[in-house]
Amino acid sequence: MEANINFQNAKFEKSAVAKNQYPDRPEMLEFAFAGRSNVGKSSMINKVLNRKSLARVSGTPGKTITINFYNIDEKIYMVDLPGYGYAKRSKEEVAKWGTMMEDYLANRKNLVQTILLVDSRHTPTRQDVQMAEWIRHYHDRLIVIATKMDKLKKREIEERLEDIAQTLELNEDDILVPFSTADDEGRGTVIDMLEMMRIGELVPYENDED
């Protein structure tokens with residue numbers, strides 16, 4: 001078995017807006033993260049990598065309109081996709097975003113899995129559902145990370161996760177990961193998933209509950 005990935009050996013490699021700007025590293029598998037502009041993708045990436053500010057956290061939702069590639073231990077890329085759903089973005093920018101995403105999801109040979117992030121506090125939006133459908137079209141399963149779990153009261157957790165699962169129509173082969181940047185909730189699960197997908201051994205998620 002290959003050596004495990006050292007997730008703390010990470011660096012920002014490059015940003016891209018077109019395929020001729022993507023890293024030319026066919027041996028490096030890519031795992032992309034998609035979600036709304038304020039869902040916390042950069043914060044989640046920083047948490048997984050145990051870094052404070054490697055992924056650029058913007059105070060302005062929708063500011064990131066590039067595909068950002070993070071080189072993890074010279075073994076994989078974690079890819080931060082531009083956020084969607086930012087109300088102040090022009091129609092031209094939205095169309096450009098859609099074209100860029102469609103091209104990356106459909107044609108990027110290095111891409112192993114696109115992972116959807118949703119805000120655990122809210123019902124997934126129409127755009128979240130659309131992104132879930134895109135991911136299902138290009139991948140065998142849907143993997144969802146529910147961010148900002150620390151913002152929920154304990155009595156809300158089960159209801160919110162069930163709402164996400166129902167809205168996105170998750171099935172037994174799909175994966176839903178509760179995640180918080182305030183503690184280590186979900187960090188180990190994400191790392192394990194990336195490791196297992198890299199070596200092709202990811203098995204369907206088994207809930208501890210009956």
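If you're wondering where the values come from, they're calculated on a predicted model, not measured in any experiment.
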*Determine, stepwise, if the pair D103 / M100 fulfils side-chain contact (heavy atoms from CB on, under 4.5 Å).*
CA-CA 5 Å; D103 180 67; M100 182 166 58; over 6 Å; no
*Check against side-chain contact (heavy atoms from CB on, under 4.5 Å), D192 and V190*: CA-CA 5 Å; D192 288 346; V190 172; over 6 Å; no
*Worked verdict on L81 versus Y104 for side-chain contact (heavy atoms from CB on, under 4.5 Å)*: CA-CA 10 Å; L81 300 177; Y104 178 78; 4.0 Å; yes
*asked:* What verdict does the side-chain contact (heavy atoms from CB on, under 4.5 Å) test give for I143 and M197, after you've listed the backbone C-alpha separation in whole Å, the side-chain angles of each residue and the deciding distance to 0.1 Å?
replied: CA-CA 12 Å; I143 298 176; M197 284 189 284; 3.9 Å; yes
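To the nearest 0.5 Å, atom CG of residue L111 and atom NZ of residue K109 are 13.5 Å apart. Atom OG1 of T167 is separated from atom CZ of R126 by 14.5 Å, given to the nearest 0.5 angstrom. Rounding to the nearest 0.5 Å gives a distance of 10.5 Å between CD of Q127 and CH2 of W134. Interatomic distance, E13 CD to I72 CD1, rounded to the nearest 0.5 Å: 10.0 Å. Considering CE of M78 and CG of L54, their distance stands at 9.5 Å, rounded to 0.5 Å. How far OG of S42 is from CG of N68: 7.5 Å, rounded to the nearest 0.5 Å.
With hydrogens and angles disregarded, a donor-acceptor distance shorter than 3.5 Å links the side chain of R141 to the backbone of D173. Side-chain N or O atoms of D73 include none that pairs as donor or acceptor with a backbone N or O of K75 at under 3.5 Å. No donor-acceptor pair closer than 3.5 Å links the side chain of R36 to the backbone N or O of G83. In this structure, the side chain of T147 engages the main chain of V39 through a donor-acceptor pair within 3.5 Å. Looking only at distances, a side-chain donor or acceptor of E195 sits under 3.5 Å from a matching main-chain atom of I5. Distance alone, capped at 3.5 Å, places no donor-acceptor pair between the E159 side chain and the E156 backbone. Looking only at distances, no side-chain donor or acceptor of K148 sits under 3.5 Å from a matching main-chain atom of S180. Distance alone, capped at 3.5 Å, places no donor-acceptor pair between the K52 side chain and the K47 backbone.
In this structure, the side chains of P178 and L161 come closer than 4.5 Å at one or more pairs of heavy atoms. At a threshold of 4.5 Å between non-hydrogen side-chain atoms, the residues L170 and L176 count as touching. Annotation: side chain of D80 is in contact with side chain of I45 (closest heavy-atom distance under 4.5 Å). Residues F12 and N71 fail the side-chain proximity criterion, which asks for heavy atoms closer than 4.5 Å. Between E169 and L142, every side-chain heavy-atom pair lies at or beyond the 4.5 Å cut-off. Put simply, the side chain of V112 does not reach to within 4.5 Å of the side chain of R198, judged on heavy atoms. Side-chain atoms of T114 and L105, non-hydrogen and from C-beta on, do get closer than 4.5 Å to each other. Within the 4.5 Å cutoff, no side-chain heavy atoms of E30 are placed close to those of I76.
Counting non-hydrogen atoms of neighbouring residues, nucleotides and ligands closer than 6.0 angstrom, the CD atom of E102 exceeds 12 such neighbours. When the shell of 6.0 Å around CG of N107 is examined, it contains more than 12 heavy atoms from other residues, nucleotides or ligands.
Nearest heavy-atom pair across M101 and P82 is CE-CD, 3.4 Å. Contact between Y84 and A34 at its shortest, heavy atoms only, is CE2-C, 4.5 Å. Summarising the geometry of S120 relative to R160, their closest heavy-atom pair is O-NE, 3.0 Å, with the distance given to 0.1 Å.
Of the candidates V48, T189, L117, F179 forms a side chain to side chain contact (heavy atoms under 4.5 Å, CB included) with just one, namely V48. Remark: of the listed residues L168, I164, D163, D163 is the sole one forming a side chain to side chain contact (heavy atoms under 4.5 Å, CB included) with T123.
Between K151 and D119 there is no salt bridge, since no side-chain N of the basic residue sits under 4.0 Å from a carboxylate O of the acidic one. A salt bridge links R136 to D174: one of the charged nitrogens lies within less than 4.0 Å of a carboxylate oxygen.
Inspection of the R51 and Q8 side chains reveals no N or O donor paired with an N or O acceptor under 3.5 Å. N46 and S53 share no donor-acceptor pair across their side chains, judged by distance under 3.5 Å alone. Between the side chains of N110 and Y22, no donor-acceptor pair of N or O atoms lies under 3.5 Å.
Taking the six-membered ring wherever Trp is involved, the centroid distance between the rings of Y77 and F31 does not fall below 6.0 Å.
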